[in-house]
Amino acid sequence: VLGVKDEYRTTEEGLLRVNIFDHSSPLIKVTKIPVELPGIVVKNVSYQIRNSVTNEIIVPYDSPKNSTKVSSDSEGMFFTFDPGSLFPGRTYVFDIVVDHNGVRTTYKDASPVFRVVS
């Protein structure tokens, strides 16, 4: 998950990007300069928010209603989240789940830890 800030106020909204890339792609090659690899768009990707200290799931994956489903645009995959539903003064982390070709893969700690402040 890219674009995660260190802190979010409960009144602001966050727009975050999810970058998934295929390690087996023939387009990946060794270079001496930093290269930002283009991500692929996967249809069924969701996020959850977890307390980084207690590991308690605060906002679970929501498959039935798709409220935590990741969207896509011309720049790749993204989602917005509202920190107003989180407790101020605590730290959180995003986890990602990918359902692709019948295989469900969970990526814990897919983002840096962030804090919510009032």
Side-chain angles (χ1 to χ4, degrees):
V1 179
L2 305 172
V4 178
K5 298 188 320 187
D6 291 336
E7 288 187 347
Y8 287 93
R9 295 195 179 281
T10 55
T11 57
E12 69 181 307
E13 191 173 83
L15 174 67
L16 305 174
R17 293 271 171 197
V18 176
N19 190 11
I20 298 174
F21 63 94
D22 182 2
H23 289 283
S24 64
S25 171
L27 300 176
I28 297 175
K29 58 185 176 181
V30 177
T31 64
K32 291 184 178 185
I33 58 172
V35 175
E36 184 174 320
L37 296 172
I40 59 173
V41 174
V42 180
K43 186 176 180 182
N44 294 317
V45 177
S46 296
Y47 70 92
Q48 75 178 9
I49 302 174
R50 186 170 40 87
N51 183 305
S52 66
V53 176
T54 66
N55 284 324
E56 176 187 4
I57 296 170
I58 308 302
V59 178
Y61 301 118
D62 181 19
S63 298
K65 295 181 183 176
N66 290 329
S67 65
T68 61
K69 187 172 182 179
V70 175
S71 300
S72 64
D73 61 12
S74 62
E75 295 179 37
M77 298 187 301
F78 71 95
F79 65 93
T80 58
F81 84 102
D82 178 10
S85 62
L86 303 175
F87 293 107
R90 298 186 184 168
T91 56
Y92 302 93
V93 67
F94 290 101
D95 298 329
I96 298 290
V97 66
V98 178
D99 289 319
H100 187 64
N101 294 333
V103 177
R104 184 177 172 102
T105 307
T106 302
Y107 298 93
K108 288 200 161 218
D109 300 318
S111 75
V113 172
F114 64 94
R115 177 180 302 280
V116 173
V117 295
S118 52

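Values in this document were obtained by computation on a predicted structure and should not be read as measured data.
The minimum heavy-atom distance linking Glu13 with Pro83 is given by the pair CA-CD, 4.2 Å. Of all the heavy atoms in Asp82 and Thr10, the pair that sits closest is OD1-O, 4.0 Å.
When the side chains of ILVMFWY residues are joined at heavy-atom separations under 4.5 Å, either directly or via intervening members, Tyr107 and Val97 end up in two distinct hydrophobic clusters. Linking ILVMFWY residues whenever their side-chain heavy atoms come closer than 4.5 Å, directly or via other members, leaves Val93 and Ile96 in distinct clusters. Hydrophobic clustering, with ILVMFWY side chains joined whenever heavy atoms are under 4.5 angstrom apart, keeps Phe78 apart from Tyr61.
Atom-to-atom distance recorded for Asp99:CG and Thr106:OG1 is 8.5 Å, nearest 0.5 angstrom. Between the CD atom of Glu56 and the OH atom of Tyr92 there is a distance of 8.5 Å, given to the nearest 0.5 Å. Separation of atoms CG (Leu16) and OG1 (Thr80) is listed at 8.5 Å; rounding is to 0.5 Å.
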>> Apply salt bridge (charged side-chain N to carboxylate O under 4.0 Å, His left out) to residues Glu12 and Lys5 and explain how you reach the verdict.
In response: CA-CA 12 Å; Glu12 69 181 307; Lys5 298 188 320 187; 2.7 Å; yes
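Asn51 is listed as a side-chain neighbour of Arg90, based on a closest heavy-atom distance under 4.5 Å. Side-chain contact between Val1 and Phe79 is present, with heavy atoms from C-beta onward closer than 4.5 Å. Taking the side chain as every heavy atom from C-beta outward, Ile58 and Phe87 never approach each other to under 4.5 Å.
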Side-chain donor-acceptor distances from residues 64-72 under 3.5 Å, at least two apart:
residue : atom : partner : partner atom : Å
Ser67   : OG   : Asp62   : OD2          : 2.5
Thr68   : OG1  : Tyr47   : O            : 3.4
Thr68   : OG1  : Asp62   : N            : 2.9

If you look only at distance, which donor and acceptor atoms sit under 3.5 Å apart when one is on a side chain in residues 108-118 and the other is two or more places apart or in another chain?
residue : atom : partner : partner atom : Å
Asp109  : OD1  : Arg50   : NH2          : 2.8
Ser111  : OG   : Phe94   : N            : 3.0
Arg115  : NH1  : Gly89   : O            : 3.0

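A search for side chain to side chain donor-acceptor pair (under 3.5 Å) contacts involving Asp73 returns Arg17, not counting sequence neighbours.
Sparse packing is recorded around CG of Asp6, with 12 or fewer heavy atoms of other residues, nucleotides or ligands lying under 6.0 Å away.
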